[in-house]
There are 4 protein chains.
Amino acid sequence: MSDQFTPRPEHKFSFGLWTVGNRGRDPFGDVVRPTLAPTDAVALLAEVGAWGVNLHDNDLVPIDASSSDRDRIVKEFRSACNRHSIVVPMATVNLFYDPVFRDGAFTSNDAHVRAYAVQKTLRAMDVGVELGAKTFVLWGGREGTETDACRRPDEAVKRLREAVDYLCEYSIDRKYGFRFALEAKPNEPRGDIYMATTGNYLGFIATLAHPEMVGVNPEVAHEQMAGLNFVHAVAQAWEAGKLFHIDLNDQAPGRYDQDFRFGSANPKAAFFLVKFLEDVNYDGPRHFDAHAYRTEDYDGVRDFARGCMRTYLILKERAQRWNADSEIQGLLASAKSDSKLPPLPTLLNQQFDRTALAAKGLAYERLDQLTIEVLLGVR
Amino acid sequence: MSDQFTPRPEHKFSFGLWTVGNRGRDPFGDVVRPTLAPTDAVALLAEVGAWGVNLHDNDLVPIDASSSDRDRIVKEFRSACNRHSIVVPMATVNLFYDPVFRDGAFTSNDAHVRAYAVQKTLRAMDVGVELGAKTFVLWGGREGTETDACRRPDEAVKRLREAVDYLCEYSIDRKYGFRFALEAKPNEPRGDIYMATTGNYLGFIATLAHPEMVGVNPEVAHEQMAGLNFVHAVAQAWEAGKLFHIDLNDQAPGRYDQDFRFGSANPKAAFFLVKFLEDVNYDGPRHFDAHAYRTEDYDGVRDFARGCMRTYLILKERAQRWNADSEIQGLLASAKSDSKLPPLPTLLNQQFDRTALAAKGLAYERLDQLTIEVLLGVR
Amino acid sequence: MSDQFTPRPEHKFSFGLWTVGNRGRDPFGDVVRPTLAPTDAVALLAEVGAWGVNLHDNDLVPIDASSSDRDRIVKEFRSACNRHSIVVPMATVNLFYDPVFRDGAFTSNDAHVRAYAVQKTLRAMDVGVELGAKTFVLWGGREGTETDACRRPDEAVKRLREAVDYLCEYSIDRKYGFRFALEAKPNEPRGDIYMATTGNYLGFIATLAHPEMVGVNPEVAHEQMAGLNFVHAVAQAWEAGKLFHIDLNDQAPGRYDQDFRFGSANPKAAFFLVKFLEDVNYDGPRHFDAHAYRTEDYDGVRDFARGCMRTYLILKERAQRWNADSEIQGLLASAKSDSKLPPLPTLLNQQFDRTALAAKGLAYERLDQLTIEVLLGVR
Amino acid sequence: MSDQFTPRPEHKFSFGLWTVGNRGRDPFGDVVRPTLAPTDAVALLAEVGAWGVNLHDNDLVPIDASSSDRDRIVKEFRSACNRHSIVVPMATVNLFYDPVFRDGAFTSNDAHVRAYAVQKTLRAMDVGVELGAKTFVLWGGREGTETDACRRPDEAVKRLREAVDYLCEYSIDRKYGFRFALEAKPNEPRGDIYMATTGNYLGFIATLAHPEMVGVNPEVAHEQMAGLNFVHAVAQAWEAGKLFHIDLNDQAPGRYDQDFRFGSANPKAAFFLVKFLEDVNYDGPRHFDAHAYRTEDYDGVRDFARGCMRTYLILKERAQRWNADSEIQGLLASAKSDSKLPPLPTLLNQQFDRTALAAKGLAYERLDQLTIEVLLGVR
């Protein structure tokens, strides 16, 4: 059954192999779903209407694969993608699952681990290029500490910079043309993770050798875990020309990393996000980094994936309705005055009537109530 | 303009005097709205369609009022309520504003403060009775600490019990017939507040001299400040026969006490709450303990109050739609089996096929997606 | 090297098999330590100076063990405990690891799962009794939801009550003499868990068929995940005669379940906890439900276990020092007045000088600073 | 009584006028302490051993003061500072108390409010210069929203940039030589505040016209409100050459802005912070942006101020002890290897023994336990 909320390729909906392939393991429980082969994942994504698939190196190629196995696997996967008209817009590297990374990768205290992590990333970039990926995401999920006794935090920043600069050089050297997107997270699986928020990465990027090659990959859940307003972070990144990728999912604040279906935890927050992305004509992938509840089988995984895209499209339609609502636009117009600051001599002599400026009600309660009513479909 | 979401008396919507009368003072800023006289607040509430008004003693009667002033004020207020057909379902006592309560009231280390707090509460009960209130709420907003060095926390519990038992005796003695509703909060304005959650009060009530007279007044914001699922707390209270009152508003988790317009922070959480209250036929007041943004004048306060009620009614309609949705009801029916546990000999010998029990997908992703779609008005 | 902070049997320090046996698996990474056989865990605990060991049924007996394997395993374990002079004060049941429990155990929508969960618990009680356990802990780690669409929350409460009542009957029927200790947690691995706080369980217990048999097992991390003051919850449970067991560890608020070494995240909060337990002469086990960082091998696990006990004993000595500090005691004495509330006629006529009562500084800054200085060992 | 923990000028301890002058008003209660005149605050600070005092414009000069009053007040204050040998290292501007700023200052929707806010800041800079301040702090406490319907968040970023660039120009134009320090906060008094974390400001600075003039003023409480690791943020700022100022206090995560005495909420977190500042030879002011509990009179305010400084010095001594502890240094040395990444051709061909690299225990439990023992003064 197709309707206005049916996903189409131009919506650029992508999923990680690890999302529909998530087997439901958690800290207190074992896997609940059988392994989903990468090529089957591609078929599933095509079935539900996705446009792209993303992957960590080891989502596809086992960490110990021989060179010939690696080549065969990549080739078969590319072929499956072609067969199903699924693109691979983004690749990334798994620097967190193997025990070797238990104290971090690029920031590990062990120089061999750091070198291995960079080498592994270079090879993941190779795979990404073979599959056509244009964006390379770096999530330093274990770059952190349980105790700050183990290393000075400024040392970690220096190591991180050395690694990212190295990766940029490699991309330049090989003419890969990658744009790197750095993904922040405040904690979990480490007690604290360095570069806790998207903002920290925006600050870090300014200190790199090739800042123009590097942007951010904000994730809803990672920013909301810290109780932060996600759309504010996304807007800052966008305004700075640094929104290179985005990870959509949902999350209750102040909790473990939930990676819920997009829009399912707080549809109002999701609405403002979709509205922002559509208002500014963000044209990158809408990537869902989420997974199905552990109560589900693979039919439930399909429901989950369909739900992510469908809710995005419902919210997009709501955003259009909001933009077209004359009462809303009237309130906005009356609230807003756009002129620039006057030149210094003028400003210094200007007289302001503070009381008058403070007296006018701004009608934001009405504006927000109208937003709720547009969202809930009653206007 | 009246429609299906217009409040009517049978909806039992009430507001505190302190809610529409909130002047916008916050820790970093001064008042932004002029004083609203209690009788004017009643008129405003009637205008927007409310059914009831609640009050702290000092919302109405100044703390230093003479006996004759007090009598006159109460009489005029009752008359205003009658004139506007507004009832007073609940009364409470302010044990937090005056500096005398800076280290708590019932749990203060100073026996004189404790006695004064109880005396003040008895007099607030007198006022409540004169205005027809049936429920007396106790919010121990300053019963807490910034440092646990100042008192043993079990001592605080004992003092709290002594006070609540005393109040029950007074209600019995005067034949006031009050039901007391205890309101929890985890912190703010104290570093930590004793009886942090509704659950703590449910446990406390069981230790009182008159447990049957005492229930709880859960508040959305207070439970969500601690990141807790509010409807779970409400359901436990309801199931135990202890939901004597409820405070509706909204709040982002892990923050200062926001007291936002009902349903405005997270409409999905608000939906499950309204659905629960309506499903169990809760027949107490729907009390909004919230206030308008500081950006608003009194027109904005009206918008705020109307929005609280309107959103409640929209969500109530959505709950009915959810209950009538055959796909949703089908999923629920197939998920649920209601039989009781078998008797011991039977149970001990029963064989279970764990693998089979674990294999079936529960379709909760679909169920939740349908919930989102009902909520957003697309089915 | 033995000193005043060396653990001795009379300190009643216990660890779960699952704590020193934790292999370091987390949501983003694989195991990092080899399996530790239960009997080796007992030897390790004896080596570091512990007094007791606790266990889930499946920490010891595989879920699919034959009856004869089960008997042999239990016998060997008991023998290892005896050999090492380690007691088993508490037993519990694993109702969360196996996929059959993916939607809860006692509160599952599936009556067969509920029955299986109860049967499994009865058998775990049998094991506990054979090993000499007096306390049976119930942690309903999967009794919760990701979406409240799946079941009415009051239904969950009813199912939980049915199960706990059933277990009490079994203990009575078999003359096991167990005391049940219910352990709350707000979330993880479920989106929300029913009975989110110790307070919720205190309220629930009052509604049981055998409330006298049932108490609570508060855990530091579980209460602090929700940002709640742990010692307040413990004190309420103690004051109500319900502190049947306790789980010691540490945790930063608003995060995933960290289960850090006791006292390692916030030594001041740990100080007030130890002080409370020692001040009231709590004589139950001091159970550490924590595990070593994932960066550790089994030498690090020993460091972890030793650290838990050593920090407890340091804080206990600090608490004694605090109690003996004359300036601290002087400040407390001047802050506190203990008299009971006067009888009603007296109270109603009492005059209070609010201004005078509010004028006196309470010297809590000094009291807290002295606490910090005792804690840090500079007085 | 003077000892090794007595503050001296070279420690550069400063307090805001608003800190010792805080009167204890909070959202639920009135002021509890009388007004403290700015000159009396200076005397109090001198008495307790502080080195510097900081101020918002209106802490000293009333918002409506005439030009001559303003000049007299500034002169008298400077004279009091000289008399008491108290310096004014930092000045700032109050853009949050007056109702005119109820919807923000630099980011307000009203161009007149934006202009007034900038004008007010220029004048506050004038005052700062007259008093000798070298650093100008900007805390955009009301630059935020309760509903994101009211403005596009990228628009807010642009307005903020326009204002900060304007201020830089003024400082250049007047040869004031100010360094600006931007102070982040996630929420309160607004629902959400733009530039939620220190990281967001680091990213923003890179987009300014004069990035070299602008750094950050991280505040313990503001970062910890969001549950973030404060020392990580400070270290990133330091490493980028952007730690222009710092606000010391304490705070439990996930709560209202508590501004507690330094080191009082979590002494371990405070220890790592002090250790970092001392290890890197940070030579700016140690500014305490905190206030006494509401239970205190001005003797308690003195206790509070003394406690902030004393705890800092205790932790500084602990940091020295930690650095001198041979077991700690041995563990660190064995954990760490410092070599740079090899050149590309070498790296690509390097073989790594993942299993061996993952096998070695890192002894971080021991390292952290030793840290706790140094902190608690038992080694």
Side-chain angles (χ1 to χ4, degrees), chain B residues 98-100 102-103 109-116 118-119 122 146-150 153-154 157 162 166 170 186 192 194 196-197 199-200 202-203 206-207 226-229 231-232 235-236 238-240 254 272 335-337 339 341-342 344 347-348 350 352 354 357-358 362 364 367-368 371, chain C residues 98-100 102-103 109-116 118-119 146-150 153-154 157 162 166 170 186 192 194 196-197 199-200 202-203 206-207 226-229 231-232 235-236 238-240 254 272 335-337 339-342 344 347-348 350 352 354 357-358 362 364 367-368 371:
Chain B
D98 192 87
V100 73
R102 70 208 187 288
D103 189 33
N109 276 346
D110 187 328
H112 291 95
V113 173
R114 298 199 296 274
Y116 172 63
V118 171
Q119 186 198 61
L122 301 181
E146 283 76 39
T147 172
D148 282 322
C150 75
D154 52 335
V157 178
E162 186 190 11
Y166 202 104
Y170 184 71
D192 291 289
Y194 300 121
T197 73
N200 293 94
L202 291 173
T207 72
L228 302 175
N229 183 311
V231 74
H232 288 191
Q236 185 186 358
W238 171 263
E239 202 268 346
F272 280 123
K336 197 173 160 186
S337 54
S339 59
L341 291 168
L344 187 57
L347 180 62
L348 283 176
Q350 210 164 339
F352 298 94
R354 248 176 35 243
L357 288 174
L362 300 183
Y364 291 173
L367 191 55
D368 190 66
T371 302
Chain C
D98 192 88
V100 73
R102 71 209 184 287
D103 188 34
N109 276 346
D110 186 328
H112 290 98
V113 173
R114 297 198 297 273
Y116 172 64
V118 171
Q119 187 197 63
E146 283 76 38
T147 172
D148 283 321
C150 76
D154 53 334
V157 178
E162 185 189 12
Y166 202 105
Y170 184 71
D192 291 287
Y194 300 122
T197 73
N200 293 93
L202 291 174
T207 72
L228 302 176
N229 183 310
V231 74
H232 289 192
Q236 185 186 359
W238 171 263
E239 202 267 347
F272 281 123
K336 196 174 160 184
S337 53
S339 59
K340 293 283 167 191
L341 291 168
L344 187 58
L347 180 62
L348 283 176
Q350 210 164 338
F352 298 94
R354 246 172 43 238
L357 287 173
L362 300 183
Y364 290 174
L367 192 55
D368 191 66
T371 302

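Every value quoted in this text rests on a predicted model; they were computed, and no experiment measured them. We name chains A, B, ... by the order of the sequence lines, and we start the count at 1 in each one.
Using a 4.5 Å cut-off between heavy atoms, B:Phe272 touches chain C through its side chain atoms alone. Looking at B:Leu122, only its side chain comes within 4.5 Å of chain C, counting heavy atoms on both sides. Looking at B:Tyr166, the atoms closer than 4.5 Å to chain C (heavy atoms on both sides) all sit in the side chain, from C-beta outward. Residue contact with chain B, scored on non-hydrogen atoms closer than 4.5 Å, involves the backbone and the side chain of C:Tyr364 alike. Only the side chain of C:Thr371 comes within contact range of chain B, with heavy atoms under 4.5 Å apart. In this structure, chain C has a heavy atom under 4.5 Å from the side chain of B:Arg102, while its backbone stays farther away. Contacts between B:Ala335 and chain C at a heavy-atom distance below 4.5 Å involve backbone atoms as well as side-chain atoms.
Your options are C:Ala111, C:Ala358, C:Gly203, and the one with the most heavy-atom pairs under 4.5 Å with chain B is C:Ala358. Among B:Ala115, B:Pro99, B:Ala235, B:Ala206, the residue with the largest count of heavy-atom pairs under 4.5 Å with chain C is B:Ala115. Ranked by heavy-atom pairs under 4.5 Å with chain B, the list C:Asn229, C:Val118, C:Leu202 is led by C:Asn229. Counting heavy-atom pairs closer than 4.5 Å to chain C, the top residue among B:Pro342, B:Pro153, B:Gly227, B:Ser337 is B:Ser337. Highest contact tally toward chain C, considering only B:Glu146, B:Glu162, B:His112, B:Lys336, is held by B:Glu162 [criterion: heavy-atom pairs under 4.5 Å]. When B:Leu344, B:Asp148, B:Leu357 are compared by the number of non-hydrogen pairs under 4.5 Å with chain C, B:Asp148 comes out ahead.
Although no hydrogens or angles enter the test, the distance criterion places no donor-acceptor pair under 3.5 Å between the side chain of C:Glu239 and the main chain of B:Val157.
Nearest heavy atoms, B:Leu348 versus C:Gln119: O-NE2, 3.5 Å. Smallest separation of non-hydrogen atoms from B:Thr207 and C:Ala240: CG2-CB, 4.3 Å.
In this structure, B:Leu367 and C:Thr147 have side chains that are not in contact, with every pair of non-hydrogen atoms separated by 4.5 Å or more. C:Asn109 places none of its side-chain heavy atoms less than 4.5 Å from the side chain of B:Leu362.
Ring geometry, B:His232 versus C:Tyr194: the interplanar angle falls from 30° to 60°, so the pair is classed tilted.
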